[in-house]
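These notes concern the structure reproduced below.
Predicted, not measured: the structure shown is a model, and the values here were computed from it.
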2 protein chains.
Amino acid sequence: MAEQISDGDAPRSSPGRPSCCGEAEHPLTDRELAADIRTLAAVGNETRYEALRLIAEAEDGACGCELEPALGVSQGAVSQALSRLYAAGLLARRKDGRWRYYSVTPRAERLLDVLDETRSHDDD
Amino acid sequence: MAEQISDGDAPRSSPGRPSCCGEAEHPLTDRELAADIRTLAAVGNETRYEALRLIAEAEDGACGCELEPALGVSQGAVSQALSRLYAAGLLARRKDGRWRYYSVTPRAERLLDVLDETRSHDDD
DNA sequence: CACTAATATTAGCGTACTCTAATATAGGGG
DNA sequence: CCCCTATATTAGAGTACGCTAATATTAGTG
């Protein structure tokens, strides 16, 4: 895609420059990157983050109908939120009669722990 | 608007119901919740997450100009990304001449560690 | 077998997000 | 002093997001 369009005389950086502006790399594959972002984007939303916190507090998991009043959004929105958290690997679920019980995965648990342990209180 | 138009005898849930649909609560204040979401939403984006990973790999921090080619977005976008990560408490920064060097905070470091340690590989 | 409750799915609307391009600020160097 | 590099800021455009409302599906219950 035609990088370096101009001719050779354009001095983008003199040879005597400091160590700045070299190459930078990280060790993640595209799949790992995508998985991480899916996870983070899933919790980076008020409704979903609160849902995750509520489920983490419940002993044996929680069903959608428990969360609906606390979250203050419609039933459809709760269902969408839980599905997305599940797809992101943050919730496990089991069917029991006409209810579906959600519980947090180890990944979610550790994520919440880190947030609790590193939260800055003069932050605002 | 006109919820429950019918009379009061409507049995919304029989008395013998299981423990479902009670109250749910979590122990976070509004400020803590907002801070967490600001943090999570900041990393839940490809450009910013990759920037954070790149900076975490660099030994003594990285400046914006190092990241720009790797991130593949404009200079303005890089600056916006770094500012937002900084505001979210995930980056520290120091001025050095005409450069500004960014490094990850403990909060960011631990967040990345958890993602590495709990990432599922059959996830797709 | 209706009836009801819990959940899932879909369309559509309003908003927030993220980029580019342009411009402004700040700090060296010839 | 002018120029060049690194960074910050802003407006605007295109897109993605998150909700509601409506409807479909699934599973108990009288």
Side-chain angles (χ1 to χ4, degrees), chain A residues 6 9-22 24 37-38 40-51 61-69 71-88 91 93-102, chain B residues 1-4 6 9-22 24 37-38 40-51 61-69 71-88 91 93-102:
Chain A
S6 57
D9 67 355
R12 301 219 319 269
S13 70
S14 317
R17 275 282 164 274
S19 59
C20 185
C21 302
I37 292 171
R38 194 176 330 130
L40 294 165
V43 266
N45 164 268
E46 180 162 6
T47 297
R48 294 190 296 266
Y49 184 63
E50 274 207 86
C63 62
C65 57
E66 266 176 281
L67 305 171
E68 201 176 325
L71 294 177
V73 293
S74 72
Q75 179 270 320
V78 173
S79 179
Q80 290 167 7
L82 296 176
S83 289
R84 181 145 174 204
L85 288 168
Y86 173 77
L91 289 182
R93 60 186 182 192
R94 86 189 133 83
K95 199 92 183 287
D96 184 10
R98 80 182 95 180
W99 294 283
R100 183 167 256 175
Y101 284 95
Y102 291 87
Chain B
M1 63 254 302
E3 55 167 32
Q4 207 56 356
S6 57
D9 66 357
R12 301 219 316 267
S13 71
S14 316
R17 276 280 165 277
S19 59
C20 186
C21 301
I37 291 170
R38 194 176 329 131
L40 295 165
V43 265
N45 163 268
E46 182 163 6
T47 297
R48 293 190 297 265
Y49 185 62
E50 274 207 86
C63 63
C65 56
E66 266 175 281
L67 306 171
E68 200 175 326
L71 294 176
V73 293
S74 72
Q75 179 271 318
V78 173
S79 179
Q80 289 168 9
L82 296 176
S83 289
R84 180 145 173 203
L85 288 168
Y86 173 77
L91 290 182
R93 61 187 182 190
R94 88 189 131 84
K95 200 92 179 288
D96 184 10
R98 77 183 97 178
W99 294 284
R100 183 168 257 175
Y101 284 94
Y102 290 88

(message) Without decimals, in angstroms, what is the distance between Glu66(A) CD and dA6(C) P?
(response) 11 Å
(request) Calculate, to the nearest 0.5 Å, the distance between atoms SG and CG belonging to Cys65(A) and Leu67(A) respectively. (result) 8.0 Å
(request) Calculate the interatomic distance between Tyr101(A) atom OH and dT26(D) atom C1'; express it in whole Å. (result) 16 Å
(request) Give the B/S/- string for nucleotides 8-19 of chain C, one per nucleotide from 5' to 3', where a protein heavy atom under 4.0 Å of the base yields B, of only the sugar-phosphate yields S, and otherwise -. (result) BBB-------SB
(message) If I take atom CG in residue Asp96(B) and atom C1' in nucleotide dG28(C), what distance separates them, rounded to the nearest angstrom?
(response) 12 Å
Detail all sub-3.5 Å separations between protein N/O atoms and N/O atoms belonging to nucleotides 25-27 of chain C.
residue: dG27(C); atom: N2; partner: Arg98(B); partner atom: NH1; Å: 3.4

(message) Could you measure the distance from the SG atom of Cys63(B) to the CZ atom of Arg98(B)? Nearest 0.5 Å is fine.
(response) 11.5 Å
(message) Is the positively charged end of Arg93(B) above the ring of Tyr102(B), judged by distance under 6.0 angstrom from the centroid and angle within 45° of the axis?
(response) no
(request) For Ile37(B) and dG18(D), give me the distance from atom CD1 to atom P, rounded to whole Å. (result) 11 Å
Mind listing the side-chain donor-acceptor pairs of residues 40-51 of chain B below 3.5 Å, one per line with the distance, residues two or more places apart or on another chain?
residue: Asn45(B); atom: OD1; partner: Thr47(B); partner atom: N; Å: 3.2
residue: Asn45(B); atom: OD1; partner: Arg48(B); partner atom: N; Å: 3.0
residue: Arg48(B); atom: NE; partner: Ala42(B); partner atom: O; Å: 2.6
residue: Arg48(B); atom: NH2; partner: Ala41(B); partner atom: O; Å: 3.2
residue: Tyr49(B); atom: OH; partner: Asp36(A); partner atom: OD2; Å: 2.5
residue: Tyr49(B); atom: OH; partner: Arg53(B); partner atom: NE; Å: 3.0
residue: Tyr49(B); atom: OH; partner: Arg53(B); partner atom: NH2; Å: 2.9
residue: Glu50(B); atom: OE1; partner: His26(A); partner atom: NE2; Å: 2.8

(message) Could you tell me how far apart Leu71(B) (CG) and dA6(D) (P) are, to the nearest whole angstrom?
(response) 16 Å
(request) Mind calculating the distance between CG (Leu85(B)) and C1' (dA8(D)) to the nearest angstrom? (result) 16 Å
(request) Measure from CD on Glu50(A) to P on dC19(D) and round the result to the nearest Å. (result) 11 Å
(message) Check whether Ser83(A) reaches the backbone of Ser79(A) with its side chain - one donor and one acceptor, N or O, closer than 3.5 Å.
(response) yes
(message) Would you compute the distance between atom OG of Ser74(B) and atom CD of Gln80(B) and round it to the nearest 0.5 angstrom?
(response) 7.0 Å
(request) Output the distance between atom OH (Tyr101(A)) and atom CD (Glu66(A)), rounded to the nearest 0.5 Å. (result) 6.5 Å
